[in-house]
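This report concerns only the one structure given below.
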Protein chains: 4
Amino acid sequence: MSHGINKAILIGNLGADPDVRTLPSGDAVANISLATSESWTDRSTGELIERTEWHRIALFGKVAEIAGDYLHKGSRVYVEGKLRTRKWTTAEGHERYTTEVIVDARGSMQMLDGRAVQEPAPPPKPEPPKPVRKARKPKARPEPAMTEDDDIPF
Amino acid sequence: MSHGINKAILIGNLGADPDVRTLPSGDAVANISLATSESWTDRSTGELIERTEWHRIALFGKVAEIAGDYLHKGSRVYVEGKLRTRKWTTAEGHERYTTEVIVDARGSMQMLDGRAVQEPAPPPKPEPPKPVRKARKPKARPEPAMTEDDDIPF
Amino acid sequence: MSHGINKAILIGNLGADPDVRTLPSGDAVANISLATSESWTDRSTGELIERTEWHRIALFGKVAEIAGDYLHKGSRVYVEGKLRTRKWTTAEGHERYTTEVIVDARGSMQMLDGRAVQEPAPPPKPEPPKPVRKARKPKARPEPAMTEDDDIPF
Amino acid sequence: MSHGINKAILIGNLGADPDVRTLPSGDAVANISLATSESWTDRSTGELIERTEWHRIALFGKVAEIAGDYLHKGSRVYVEGKLRTRKWTTAEGHERYTTEVIVDARGSMQMLDGRAVQEPAPPPKPEPPKPVRKARKPKARPEPAMTEDDDIPF
DNA sequence: TTTT
DNA sequence: TTTT
């Protein structure tokens, strides 16, 4: 029952370790800062220009736990989510707006670094929460066994 | 030579007529405010919730001109671009950040309303041969009348 | 636990009414043929060229029911799904491969036509019975109640 | 002037080295076979299922040359292009259809392997700026030396 | 500020 | 035919 599409697709590297917290509901939230960059050659000078863009990403639920467990500063990830601009208040009481990419059960995150454990694509779920509490400790998890038996058309 | 993907895909409605300006370079810039909305049923109350998200879009060049010529308040559009957060200064001299979706020659915009002239032709490309046919010059045609006797493989 | 991204995003018009069936499991499957087109000006002749591409889409579950209820020949839709190439056998016993865009609970479909609800379809023509289910008559659904006073940043 | 969106976004691994050819026009074409996979846990048996999908990709022009120079069997890549189903004829004179993802100047390809490196990042900070700086000319053979020491605000 |  |  929604009209409209709101989608962001990013591939970039984390500027710092994820900031993981647990909501009162028990759900995890992970905030990460992701850098994407593009470069081009200046037409007049001929020099190569590079520009880096920083994105604020907020992951919720299962994907937040995975982020907390496996991502770290420098990690390269694929992220798919939706844009959300939220209002917040500075310490001085001033209102500010920040735009983030929200990755919940409808979105997805995938690690693109060498070795990594990802996540099964879970079905739809409603919405992301808000209030935040404390961080949680990352835990090392074993690699899951994989099976296969594909039909290969080509 | 860029590493990273920075992509936003939106379908929504304009909250107001486009604000079109001309840069010193002569290029056009169109700013639009786009609403996307999503809705879901609250699990506890069972009531239908709707949430609207507003996006700032900045179109450049040819696509900005098209926006200025054909879009208006209420128009539904598809927009593909990249995220960019830029710093600006308030009248009081305070710094602020705003995130926008930039639609330039690498991005695209398409009108989804009834009648319409859509997107500018894509950049140079070495296309492979294909079943091709001529089409009439556009210029405000009535309805897309999307039925044809194209060769349908299935 | 998946590595890789497999995503297709299409906006186009249906070449025919959806073909809706019910699986033994009771789940619905809707097959639609979707046309997307692109056009460009030939560099040498200067004439406008248009090319139409036809896509086979298979929708599953809830979205298949919606397709059956509201889509018809000519409908414009947004579709997001994954590519799948499947093997099938011709009446003569020859193997063939067909690539489709699969839209399941992880994908999405959205109608882009003005009014979602179309007029009742014409009476069915005499045809041999099959595991085919007629698309249900469009039922007028209640307008989603507007709630929420979204915080509007701009 | 095109109406419709036809987009495919894939991240996967090459099943074999690229097949690169030169068209009569002098343009390069590279064909690659890309595997994406998804996995899930079977609800009844509880076992982990994995399914691999193979995609045929045809790259044209500059991106085809890059593919030929740097990609090889096993390479992980991001690919964005459009779907195209083309007719061809078997040695026995039978018609067949094959769907491919076409990556031309409007599409894009990015290598996700090896040294697509991250760098030592500076300490975190509150707000997202956006620096622009020069980067060195890329060299043309060995490895795409995709690395930089971006200034990271977080 | 949009739209359904 | 890839990868984890």
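Proteins come first, then strands; the chains are lettered A, B, ... in the order of their sequence lines, and each starts at number 1.
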What is the distance, to the nearest angstrom, from the [atom1] atom on [X] to the [atom2] atom on [N]?
X: B:Arg51; N: E:dT4; atom1: CZ; atom2: P; answer: 20 Å
X: D:Lys73; N: F:dT2; atom1: NZ; atom2: C1'; answer: 8 Å
X: A:Ile5; N: E:dT2; atom1: CD1; atom2: P; answer: 21 Å
X: B:Asp113; N: E:dT2; atom1: CG; atom2: P; answer: 15 Å
X: D:Glu38; N: F:dT4; atom1: CD; atom2: P; answer: 18 Å
X: A:Leu112; N: F:dT2; atom1: CG; atom2: P; answer: 20 Å
X: D:Glu53; N: F:dT4; atom1: CD; atom2: P; answer: 20 Å
X: B:Leu71; N: E:dT2; atom1: CG; atom2: C1'; answer: 13 Å

Q.
For B:Asn31, give me all partners under side chain to side chain contact (heavy atoms under 4.5 Å, CB included), at least two apart in sequence or on another chain.
A.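 Once residues adjacent in sequence are excluded, the partners of B:Asn31 under the side chain to side chain contact (heavy atoms under 4.5 Å, CB included) criterion are B:Asp19, B:Val29, B:Ala58, B:Glu100.
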
For a quick check under 3.5 Å, do [X] and [Y] share a side-chain donor-acceptor pair by atom type?
X: B:Ser33; Y: B:His55; answer: no
X: B:Glu50; Y: B:Ser37; answer: yes
X: A:Thr98; Y: A:Trp88; answer: yes

Shortest side-chain distance from [X], nucleotide among [options]:
X: D:Ala35; options: E:dT4, F:dT2, E:dT2; result: F:dT2
X: D:Trp54; options: E:dT2, F:dT2, E:dT4; result: F:dT2
X: D:Asn13; options: F:dT4, F:dT2, E:dT2; result: F:dT2
X: D:Thr52; options: E:dT2, F:dT2, E:dT4; result: F:dT2

Q) How is B:Gly12 classified with respect to the nucleic acid when contacts are heavy atoms under 4.0 Å: base, sugar-phosphate, or nothing? A)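 Nothing: the residue B:Gly12, judged by heavy atoms under 4.0 Å, touches no strand.
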
Q: Report yes or no: is there a donor-acceptor pair, N or O only, under 3.5 Å between the side chain of B:Thr36 and the base of E:dT2?
A: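 It does not, because no donor-acceptor pair links the side chain of B:Thr36 to the base of E:dT2 below 3.5 Å.
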
Q | Partners passing side chain to side chain donor-acceptor pair (under 3.5 Å) against D:Glu80 (at least two apart in sequence or in another chain) | A |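 D:Glu80 satisfies side chain to side chain donor-acceptor pair (under 3.5 Å) with B:Lys7, D:Lys7, D:Tyr78 once adjacent residues are dropped.
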
